[in-house]
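Have a look at the structure below, then the notes.
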Amino acid sequence: QIPQGIYFRPHIVFNPITKKFVLWVRWLNVTGPTLSDDSTLYLTAQADSLAGPYTVAHVSVPMYYANSADDNLFVDDDGTAYIAHTCRNCSTHIVVERLSRDYLLCEGATDPASR
């Protein structure tokens, strides 16, 4: 089930392990007459082909830092996937989170700015 909201910044990568296309998209829950992106959420979905159809896996992926902003996905040569994003709640640091084996959830974060 896809929740009603505003969807933006979609990213799709291919998972060589599961042979699925994985979609990450940010979305805002519309809760009244005004719109604020303070409650930014991530939705993940997967499909057998790039064109879909996509099946929603998670409508609210837990992130290491809440309220992330600009983001992108990266798949390393060894098949490990990451999401890199800025964090508005922590002085706009850039955070890199490793994704789960199926690329549908986060497993942990590294904050390069803290090194």
Side-chain angles (χ1 to χ4, degrees):
Q1 179 74 4
I2 299 174
Q4 289 204 358
I6 298 172
Y7 292 82
F8 57 103
R9 292 199 171 109
H11 298 282
I12 298 174
V13 292
F14 180 74
N15 185 322
I17 298 166
T18 63
K19 308 294 189 218
K20 301 275 187 183
F21 289 89
V22 178
L23 166 71
W24 278 69
V25 63
R26 290 182 60 214
W27 70 282
L28 300 173
N29 190 6
V30 180
T31 58
T34 61
L35 179 64
S36 170
D37 68 348
D38 289 340
S39 61
T40 302
L41 302 167
Y42 281 93
L43 177 143
T44 57
Q46 59 185 349
D48 293 324
S49 72
L50 180 61
Y54 284 81
T55 302
V56 173
H58 303 281
V59 297
S60 181
V61 176
M63 304 295 284
Y64 188 79
Y65 291 112
N67 203 1
S68 63
D70 295 323
D71 57 81
N72 207 346
L73 297 177
F74 171 75
V75 179
D76 207 343
D77 293 339
D78 65 1
T80 304
Y82 302 87
I83 184 169
H85 60 88
T86 56
C87 172
R88 291 181 286 184
N89 290 347
C90 51
S91 303
T92 63
H93 288 179
I94 296 173
V95 180
V96 179
E97 299 195 46
R98 185 177 54 219
L99 301 184
S100 59
R101 184 174 160 90
D102 60 10
Y103 298 0
L104 297 170
L105 291 168
C106 292
E107 289 192 333
T110 300
D111 185 346
S114 66
R115 292 181 179 196

Report summary line: Taking every heavy atom of Pro53 against every heavy atom of Ala47, the minimum-distance pair comes out as O-CB, 3.2 Å
Requested in this report: Could you tell me the separation between the CD1 atom of Ile6 and the CG atom of Leu28, rounded to the nearest 0.5 Å?
Outcome: 5.5 Å
Report task. Could you state whether Leu23 and Phe14 fall into the same hydrophobic cluster, counting links through intermediate Ile, Leu, Val, Met, Phe, Trp or Tyr residues with side-chain heavy atoms under 4.5 angstrom apart? Result -> yes
Query raised in the report: So how far is it from Ile12 CD1 to Trp24 CH2, rounded to the nearest 0.5 Å?
Result: 14.0 Å
Requested in this report: Could you tell me which residues satisfy side-chain contact (heavy atoms from CB on, under 4.5 Å) with Pro3, sequence neighbours excluded, listed by chain and number?
Outcome: Tyr7, Trp27, Leu43, Val59
**Report entry** Atom of Pro62, atom of Leu105 and distance for their closest heavy-atom approach
**Finding:** CD-CD2, 4.2 Å
Requested in this report: Linking directly or through intermediates, with side-chain heavy atoms under 4.5 Å: list the remaining ILVMFWY members grouped with Ile17, chain and number order.
Outcome: none
Report summary line: Looking only at heavy atoms, the pair that brings Leu104 and Ala45 closest together is CD2-O, 4.0 Å
Query raised in the report: In terms of hydrophobic clusters joined by side-chain contacts under 4.5 Å, are Val96 and Leu99 together?
Result: no
Can I get a per-line list of side-chain donor-acceptor pairs under 3.5 Å for residues 73-84, giving both atom names and the distance, sequence neighbours left out?
residue, atom, partner, partner atom, Å
Asp78, OD1, Thr80, N, 2.9
Asp78, OD1, Thr80, OG1, 3.0
Asp78, OD2, Thr80, OG1, 3.4

Query raised in the report: Looking at residues at least two apart in the chain, or sitting in another chain, which of them share a salt bridge (charged side-chain N to carboxylate O under 4.0 Å, His left out) with Arg101?
Result: none
Query raised in the report: With sequence neighbours left out, which residue pairs that include part of residues 55-64 fulfil the salt bridge (Lys or Arg N to Asp or Glu O under 4.0 Å) condition?
Result: none
Requested in this report: Examine distances only and state if a side-chain atom of Ser60 and a backbone atom of Leu41 form a donor-acceptor pair shorter than 3.5 Å.
Outcome: no
**Report entry** Single-linkage hydrophobic cluster Val22~Met63, side-chain heavy atoms < 4.5 angstrom
**Finding:** yes
Requested in this report: Name all pairs fulfilling the side chain to side chain donor-acceptor pair (under 3.5 Å) condition that reach into residues 41-54, sequence neighbours left out, sorted by first residue then second.
Outcome: Lys20-Asp48, Tyr42-Ser68, Tyr42-Asp71
Report task. Can you measure from NE2 (His85) to CZ (Arg26) and round to the nearest 0.5 angstrom? Result -> 10.0 Å
